[in-house]
Amino acid sequence: MNTTPPAKPPQTHAQRALAKLGLLRDIDFCLHLPLRYEDETHMTALRDARHGETVQIEAMVTSCEIQFKGKRQLVVIVVDGDGVEECTLRFFNFYPSHQRTMAVGEQLRIRGEIKKSLLGWSMLHPSFKPAGGELSQVLTAVYPTSAGLPQGYIRKAVWGGLLRAAQRGELAPTAVIAHLPSLADSLELLHHPTPDVSVTELEDKSHPAWQRLKAEELLAQQLSQLQARRERAKMQAHGLSQSDRGVVFELLKVLPFKLTTAQTRVQREIATDLALAKPMNRLLQGDVGSGKTVVAALAAAQCIEAGFQCALMVPTEILAQQHFAKLVGWLEPLLTARGLCVAWLSGTQKAKERREMLAKIESGEAALVVGTHAIIQSKVTFAKLALVVVDEQHRFGVAQRLALIQKTTPLSSDEDIAPTAQGQSNINPHLLMMSATPIPRTLAMSYYADLDVSTIDELPPGRTPIVTKIVAMTKRDEVVRRIVDQLKAGRQVYWVCPLIEESEAVDLVNATETHAALQAALTVALPSAKVELLHSKISTPEKKSIMQAFEKNEVQVLVSTTVIEVGVDVPNATLMVIEHAERFGLAQLHQLRGRVGRGLWPSACVLLYATNESGRLGDAAKARLKAMVDTTDGFEIARRDLDIRGPGEFLGARQSGAQMLRFADLSQPQDQDWLKWAQATAPVLLDTKLDMALRHVERWLPSGASFMGA
Ligand code: ADP
Ligand code: MG
């Protein structure tokens with residue numbers, strides 16, 4: 001078997017358009033499968049037609065005229081065979097050529113969806129050509145295409161690719177699967193199905209030929225991840241050994257609470273990984289409020305105890321400051337005693353402060369560095385980075401995570417580390433990614449096979465369940481009354497306004513108006529209450545001071561755009577109002593709701609929604625709001641989110657550019673079985689037939705791409 005020769009760079013306009021669709025190599029064309037099929041293999045007589053069916057008929061034109069029934073239209077009447085049955089063809093867009101081809105007396109071959117009403121048969125915008133000519137022997141494939149690439153062109157290109165690949169033996173099997181046709185036969189069948197093949201089985205992808213493709217695709221995915229995992233196993237990291245009475249021990253002593261069983265378990269999992277001289281690649285998932293920060297702090301403590309630096313990267317400045325405050329509170333006394341400190345980095349920091357921080361990071365005095373993606377800038381040099389923690393990891397792209405990993409510095413030469421082929425040390429930092437958006441199990445198995453997962457599956461004690469209510473925007477007044485009740489009881493309230501990406505100015509107006517309206521309403525009901533507004537245009541120091549005032553209960557109502565989305569922790573806040581909740585994604589709604597229910601009091605989340613002009617709420621929006629009311633379990637939310645959005649959006653693959661599964665659909669039980677098969681087959685294949693395994697991956701992955709994972 002030969003490998004696919006490298007693709008030539010696209011030349012013509014059409015080739016460029018094909019390349020845009022990812023169609024470069026012959027194998028790419030082979031795997032460009034039809035969207036649907038048209039059955040042009042037989043003719044239907046009108047008297048045998050069924051309502052709603054797509055049919056092909058041959059009939060004679062008996063009338064052709066332009067009519068004005070509400071709208072200008074071309075109405076053509078045809079009769080078939082014995083002249084008993086009539087069908088009316090209707091065209092709203094038409095040219096003089098239509099009238100010429102469909103002149104009275106002409107015989108036509110017509111194809112389209114046929115409808116039956118009291119007025120008889122009709123078709124809207126059918127395709128037509130002069131009658132006669134041979135009937136197709138196979139179902140006609142209709143391919144996904146783009147503007148400027150006619151169906152006929154792409155069909156020819158695909159078939160050409162299929163022929164060349166087959167002739168060169170490129171479709172030789174990787175694995176034999178009982179009861180399934182070979183890859184070559186499967187492709188032949190999917191591109192040129194004979195009329196006896198069930199179109200339904202082709203279109204719902206249950207046909208054995210489709211099963212073969214899904215199985216092979218999943219095998220490629222698992223092979224590529226297993227390979228990545230084995231590559232990583234060869235890399236080295238600083239083993240972070242722990243002593244009995246070091247920083248970890250002291251940190252546990254100063255914490256104001258006892259770790260939950262789940263926290264203790266995941267902390268041990270992480271500690272065990274960190275002690276090894278190979279890089280950890282672990283996802284820590286736990287619902288909003290489950291206490292991931294302290295687990296990260298303990299990992300950092302272990303790293304610092306071993307004499308190395310830890311970087312903690314967070315997606316927003318507010319969160320960076322919060323983490324900073326908390327971690328400093330916990331860790332700084334312990335670090336100061338050792339002559340170390342905590343540094344922080346952000347994009348908006350003053351130049352002087354920044355220089356000081358950079359110097360401390362470079363000298364190694366800053367044992368812990370907290371910051372936004374300012375951390376991955378090239379000017380930041382770590383003296384001895386050994387652990388990277390990424391909070392809310394789904395908010396970062398794969399590229400950003402990689403940039404941070406590459407900041408690790410090699411061990412000094414006397415520590416005898418094997419250099420790689422390039423002569424560099426292959427030391428990598430341990431990586432801990434944290435997320436409150438759990439990845440559903442099937443997705444994790446499939447896309448993150450290269451990742452270990454720790455799960456915090458319990459909340460700290462004393463949390464009260466949050467009640468979620470959906471309320472129409474028209475009933476805002478009731479919500480304001482609820483706010484007053486909470487404030488009178490001494491509690492605090494969040495009010496979140498949506499961010500419409502196209503226009504920050506409009507958002508600001510909305511948020512400002514909401515703020516003013518609440519202020520006015522509360523002045524009457526509760527004059528002592530203070531309402532503050534937080535949004536992206538407010539300067540960082542001011543944001544910080546507003547947040548601090550809210551934390552100290554000097555401000556009781558915080559109106560905000562989604563800047564508070566992640567991580568903010570004010571246990572006295574018990575009511576979360578989300579305005580235009582229908583515009584938010586499910587994960588975001590769940591995150592926002594997680595800002596309340598953190599203290600001893602019963603908490604509530606009000607989802608205010610507005611309908612569109614026709615008084616309706618879209619299906620997806622409805623499904624999201626319903627999910628929020630039905631459950632507060634982050635895993636269940638994630639599962640529903642996957643149903644609503646599909647894996648591509650879910651995993652943020654669109655931003656990262658990573659390759660998604662094209663054919664396998666992991667929500668299907670049968671495909672889950674193929675995933676298990678692929679997981680069992682991949683290691684055997686890599687061990688026994690490495691060449692074939694690599695070829696298989698290459699077949700499925702355009703050069704350079706990879707299936708997810710960092
Ligand atoms: P998340 O997992 O969403 O990042 P945090 O780490 O912000 O959650 O923790 C939420 C709150 O719970 C914080 O106030 C934190 O101090 C507190 N917390 C964490 N662990 C415990 C525990 N074991 N017992 C009591 N409170 C805890
Ligand atoms: Mg958090």
Side-chain angles (χ1 to χ4, degrees), residues 248 251-270 282-301 312-331 368 370-372 389-396 432-439 453-466 492 494 547-548 550-553 562-574 576 587-601 603 605 632-635 637-638:
V248 175
L251 175 57
L252 282 170
K253 260 197 333 200
V254 301
L255 284 180
F257 47 73
K258 207 170 138 282
L259 294 187
T260 62
T261 315
Q263 282 171 320
T264 307
R265 175 173 40 78
V266 301
Q267 193 257 327
R268 292 218 177 104
E269 287 167 3
I270 294 166
R282 191 171 276 278
L283 176 71
L284 171 59
Q285 53 180 13
D287 214 341
V288 191
S290 61
K292 295 184 290 294
T293 317
V294 66
V295 176
L298 286 161
L312 171 55
M313 185 158 79
V314 292
T316 68
E317 289 212 0
I318 295 232
L319 196 55
Q321 279 154 6
Q322 272 219 346
H323 271 290
F324 185 67
K326 214 175 237 175
L327 292 170
V328 170
W330 289 337
L331 278 171
L368 176 65
V370 184
T372 59
V389 182
V390 183
D391 197 9
E392 310 291 347
Q393 66 93 22
H394 57 283
R395 309 256 311 216
F396 293 99
L432 177 64
M433 294 178 274
M434 306 203 286
S435 176
T437 310
I439 303 164
V453 179
S454 289
T455 305
I456 306 186
D457 52 7
E458 100 188 272
L459 293 179
R463 299 280 165 83
T464 49
I466 307 166
Q492 287 163 279
Y494 294 103
M547 273 318 298
Q548 278 168 353
F550 190 67
E551 275 164 35
K552 289 193 214 133
N553 197 3
T562 39
V563 282
I564 61 159
E565 185 189 336
V566 281
V568 179
D569 187 32
V570 179
N572 192 46
T574 51
M576 164 66 67
Q588 224 180 356
L589 288 173
H590 180 63
Q591 287 270 1
L592 286 169
R593 177 169 61 184
R595 298 307 113 212
V596 296
R598 293 179 163 239
L600 304 171
W601 308 276
S603 292
C605 174
T632 52
D633 174 355
F635 280 90
I637 296 264

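First listed ligand is number 1; within each ligand, the first listed atom is number 1. This is a predicted model, so every value here is computed, not measured.
Between S454 and the choices Q267, K292, R282, the side-chain hydrogen bond (donor to acceptor under 3.5 Å, both in side chains) rule is met once, by R282.
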Verdict with reasoning, L284 to V453, per side chain to side chain contact (heavy atoms under 4.5 Å, CB included): CA-CA 6 Å; L284 171 59; V453 179; over 6 Å; no
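The shortest N/O to N/O separation between T293 and ligand 1 falls below 3.5 Å.
For ligand 1, the atoms closer than 4.0 angstrom to any heavy atom of D287 are 2 (O). Residue K258 has at least one heavy-atom neighbour below 4.0 Å for each of these atoms of ligand 1: 22 (C), 23 (N), 24 (N). For ligand 1, the atoms closer than 4.0 angstrom to any heavy atom of T260 are 23 (N).
Two residues are said to be in side-chain contact when any heavy atoms from C-beta on lie closer than 4.5 Å; L251 and L255 meet this criterion.
Atom CG of residue D457 and atom CZ of residue F635 lie 7.0 Å apart, to the nearest 0.5 angstrom. Between R265 atom CZ and L259 atom CG the span is 12.0 Å, to the nearest 0.5 Å.
Aromatic ring pairs are classed by plane angle as parallel below 30°, tilted from 30° to 60° and perpendicular above 60°; the pair Y494 and F550 is tilted.
With a heavy-atom cut-off of 4.0 Å, L259 touches ligand 1 through its backbone alone. If you look at D391 next to ligand 1, there are no close heavy atoms at all, none under 4.0 Å. Residue-level proximity to ligand 1 for Q263 is carried by the side chain, the only part with a heavy atom below 4.0 angstrom.
In the candidate list S290, G289, A297, P460, P460 is nearest to atom 25 (C) of ligand 1, counting heavy atoms.
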